[in-house]
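This report refers to the structure that appears directly beneath it.
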Amino acid sequence: MSSELTFCKMLLDRASHLRKNTAWLADKILANESCFYFYWQNKFLYLEQEIFVYHQNENSVSNDVLSISDISQSDKLTFLGLEGDTAHFVFDLSEFGEAALEQWLLGIGHNKVQRTAKFIDFRRSLSLLSSAQASILSYAKALIHWQQSAVYCGSCGNKTQPLDGGHRMQCLSDKCQKEQFPRTDPVVIMLVEYQPEVGPAMCLLAEHHRISEQVYSTLAGFVDPGESLTEAVSREVFEEVGITVTEISYVDSQPWPFPNSLMLGFIARATSTEINLEEEELRSADWFTAEQLANFYEWGDDVEGAKLPRKESIARLLIDSWCEKQRRS
Ligand SMILES: [Zn+2]
């Protein structure tokens, strides 16, 4: 399936073989064309409505504020990858308190272009980003989230240090030296369909407590240890709505950096229709035809009535492609 999903347009070569080479990385940090993004507590730095990408060869920001020699000494700099020969990095300022950050932002704002520098929540800023930028920043956000959770060794409790441009954390205890690598949590997300003997096919959608009321989305859940993806699909559907499924097939996947999931999209065929709702997670669940879904409102519409999930989500892709298939059949 050709994917138009948000966070699925990565232009960078992750260059995993090169990031282990510290001399190469040091050269890239100092290279004039290298790109630097700035992160602070789930937010990225913008100038007005544009993501701020710092290049050393553009003299728009004073070197007192952004000293690459300072940044290069910091363990808060992460190498993201290469766009051609141009290296992309993200710098994490999350340790700054509000006051220190305010001072730093004033320095950025007081530059020749006289534009307002501010940090904007990543999720809220998606509409300001191209799909390629959204993919790079979602990758950056997921990596930093992992690094922040790995600053101590899970084995002996000592501090760790980032290596390989921020892609490996190693325990500083000589006895231990345990390594940690970035984590991705697999989540299965599935559209359950049912074809009655008479009448149009239906799909099962639910209102989840964790999203707004009247938004009907597909079922989803984390994969358990020791479980295959199809087992996870069957288990989650049965746990959430008491329905058994068969003919489970993979559709597409999407990295979801809130905070570090990989959504694995499936379609499955129900062998029963009676819903037994798991009320802790779901507000309601029901069967809908493609014709009914065509009359749903959009996510975020300020109206009373059933709405579809966000357009950038894999839930929406599963619903839209199922509806398209019904229209064609
Ligand atoms: Zn350790």
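What's counted below: heavy atoms across the whole structure, side chains too, no hydrogens, waters or symmetry copies. What you see is a predicted model, and the numbers here were worked out from it, not measured in a lab. Counting starts at 1 for both ligands and their atoms, following the listed order.
Residue Phe258 places its CZ atom among more than 12 non-hydrogen atoms of other residues, nucleotides or ligands, all under 6.0 Å distant.
Excluding waters, the protein N/O/S atoms found under 2.8 Å from the Zn ion (ligand 1) are Cys153 SG, Cys156 SG, Cys171 SG, Cys176 SG.
Ring planes of Tyr54 and Phe52: tilted class, angle from 30 to 60°. Using bins of under 30°, 30° to 60° and over 60° for the plane-to-plane angle, the ring pair Phe7/Trp256 lands in the perpendicular bin. Note: Tyr39 and Phe44 have perpendicular aromatic rings, judged against thresholds of 30 and 60 degrees for the angle between ring planes.
When each of Gln147, Gln148, Lys76 is tested with Asp92 by the rule side chain to side chain donor-acceptor pair (under 3.5 Å), just one qualifies, namely Gln148.
Under the side-chain hydrogen bond (donor to acceptor under 3.5 Å, both in side chains) criterion, Gln254 pairs with no residue, sequence neighbours left out.
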